[in-house]
Amino acid sequence: MAASFQISGVKTAPSHSFPKQTSFHCRSAFLSQLNFGSFRSTDSYRRLRHCCKSRVFKVSCEGGNVDVIERNEVEKSTLGEAKNELTCVMKFGGSSVASAERIREVADLILSFPNERPVVVLSAMGKTTNKLLLAGEKAVSCGVTKVDTIEELGFIKELHHRTVDELGVERWIVDGHLEELEQLLKGIAMMKELTLRTKDYIVSFGECMSTRIFAAYLDKIGVKARQYDAFEIGFITTDDFTNADILEATYTAVAKRLNDDWNSNPAIPIVTGFLGKGWRSCAITTLGRGGSDLTATTIGKALGLREIQVWKDVDGVLTCDPNIYSGAQPVPYLTFEEAAELAYFGAQVLHPQSMRPAREGDIPVRVKNSYNPNAPGTLITGNRDMSKAVLTSIVLKRNVTMLDIVSTRMLGQFGFLAKVFSIFEDLGISVDVVATSEVSISLTLDPSKLWSRELIQQELDHVVEELEKIAVVNLLQHRSIISLIGNVQRSSLILEKAFNVLRTNGVNVQMISQGASKVNISLVVNDNEAEECVRALHSSFFESELPGLDKCGSAN
Ligand SMILES: Nc1ncnc2c1ncn2[C@@H]1O[C@H](COP(=O)(O)OP(=O)(O)O)[C@@H](O)[C@H]1O
Ligand SMILES: N[C@@H](CC(=O)OP(=O)(O)O)C(=O)O
């Protein structure tokens, strides 16, 4: 039964906040929190729209007025109950929780948003994951009696003990894990073997400890928190150790567990990033380096939250890697597609798969700087105004292998292409950039997913051996892919400028691909020329006012 009514005290929002006339349905939880006076930005409007997915209330905005005009058969009492729903994900990477001081600052930062009820996702402290992997590698050859002398083990113990001491929480919070870690390293020393499965088990200690410390600290300062190991609450993955994919069942399982716990006894959930549980093996898996971003977006989609925040040590996604050029500037807006390409083609700032759940759930992702929370950061959404956009960011992927494959004409044209790609499929090797002619294919292979260098060489030898049955193969190593992320609708302008820069710098482009992507043009150059190219391109696209472009790489 629909009934019309108005909420008392509704303030008139400025008309630019809303389209002239629109109406949509809004769920009770959100309605109960409506603060109409605050809808001053398109961002608030987006939030409102996002919360309108489950059809309970109909809200009408006309000429800037916001009226609730229809009410379905929902008990008033549910408004109060739902008020406490979780609102967003806040993910903090290793750089944000590297020390006791940082952990305190992150806790303060979370509490500085009193209207948020976040799910917090944490990575391991600082460089703990790298240290754990090194410790594992050393254990293989050091002998059981020498395990306690492994430098990285000492470092990890010292870091975690110092952190709990400085935060004033009990040492037992981490002692069990530190003891188990040492036992595990002894086991590796005994077996003289470090499998991918064991690597995942070793690195899991990092996130398991950082989340326990953080939850204990929140409890200590009087904020109710509950620690979760992702592999215990429904993060189900493939059994591809070190690079597992999240399976669909995860979404409902994680939503149920977090919502049930929250509804029965609210406490801020503190979840381990990066980790999952293999669906067949039931062993701990990891989602690939930097995988906590993916944990965060998976939770965001599972719970249908308003926003996913990933807090880093930079002011958002930048125009290029700041380690290559320190003058890189923050990019204010990106689409999911741009962010995914950027991550896939090597920008370390986001995990390559992390945009998928956010895009599927249409949940905005905000990249922020935990060292500089006032900086606006980068907002990643489904769409943005591309009318002025030309170039958004320049990304470099180093140490890429390129293959030139020329048909020996044993197969027809179709048979040739099909055969070449079936070889890659059979060997499970992913191809990045491709350019083809009738009888030849140039392509690049991405070795970064493999953790062991020896394996890469072995696999390459195997690929070449198979391809040589049907083609002449030229293997070119030490190449880099420079990806120009932006508005490919303006490819002529981008290419004209890019080739101008490259010619001036005497660089020969060995392959170019615009491909199906609407946002990426890839150029392959030699590794040793690549960084200089990125700096020169950055200067040309983002720092000089050339005809057709303003300073930010936008068309004028
Ligand atoms: N285009 C880029 N924009 C921002 N940061 C980038 C970019 N390319 C590389 N980076 C690097 O990514 C780092 C942030 O990612 P990451 O180390 O995974 O953060 P965290 O561990 O905090 O999650 C930055 O410190 C920066 O050095
Ligand atoms: N600790 C893991 C997972 C992760 O996401 O880390 P970070 O958020 O610091 O990139 C890694 O180092 O890969």
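Both counts, for ligands and for their atoms, begin at 1 and track the order of listing. Fair warning: this is a prediction, and the values are worked out from it, not measured in the lab. Residues: numbered from 1 along the sequence shown.
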Using side-chain contact (heavy atoms from CB on, under 4.5 Å), reason through Ile394 and Ile485 one step at a time and then give a plain yes or no. CA-CA 6 Å; Ile394 304 169; Ile485 311 289; over 6 Å; no
Judged by atom type as modelled, is there a donor-acceptor pair below 3.5 Å linking the side chain of Thr335 to the main-chain atoms of Thr381? no
Is it true that Arg257 and Asp261 have a side-chain N and a carboxylate O under 4.0 angstrom from each other? yes
So, Glu531 and Arg398, do they make that salt bridge, N to O below 4.0 Å? yes
Passes side-chain hydrogen bond (donor to acceptor under 3.5 Å, both in side chains), Asp432 versus Tyr344? Steps please. CA-CA 9 Å; Asp432 274 347; Tyr344 183 75; 2.6 Å; yes
Sub-4.0 Å heavy-atom environment of ligand 2, residues by chain: Lys91, Gly93, Gly94, Ser123, Ala124, Thr129, Glu207, Phe274, Arg289, Gly290, Gly291, Ser292
Charged N-O contact under 4.0 Å between Glu338 and Arg384: yes
What's the verdict on side-chain contact (heavy atoms from CB on, under 4.5 Å) for Phe241 and Thr286, showing C-alpha distance, side-chain angles and the deciding distance? CA-CA 6 Å; Phe241 294 105; Thr286 62; over 6 Å; no
Can you check whether Leu294's main-chain N or O pairs, donor with acceptor, with Thr298's side chain at less than 3.5 Å? yes
Measure and list all N/O to N/O distances between ligand 1 and the protein that fall under 3.5 angstrom.
residue, atom, partner, partner atom, Å
ligand 1, 1 (N), Leu318, O, 3.2
ligand 1, 3 (N), Leu318, N, 2.8
ligand 1, 17 (O), Gln348, NE2, 2.9
ligand 1, 21 (O), Gly94, N, 3.4
ligand 1, 22 (O), Ser95, OG, 2.6
ligand 1, 23 (O), Lys91, NZ, 3.0
ligand 1, 23 (O), Lys312, NZ, 3.0
ligand 1, 25 (O), Asp313, OD1, 2.7
ligand 1, 25 (O), Asp313, OD2, 3.3
ligand 1, 27 (O), Asn323, ND2, 3.0

Lys397 side-chain N/O to Ile481 backbone N/O, donor-acceptor pair under 3.5 Å: no
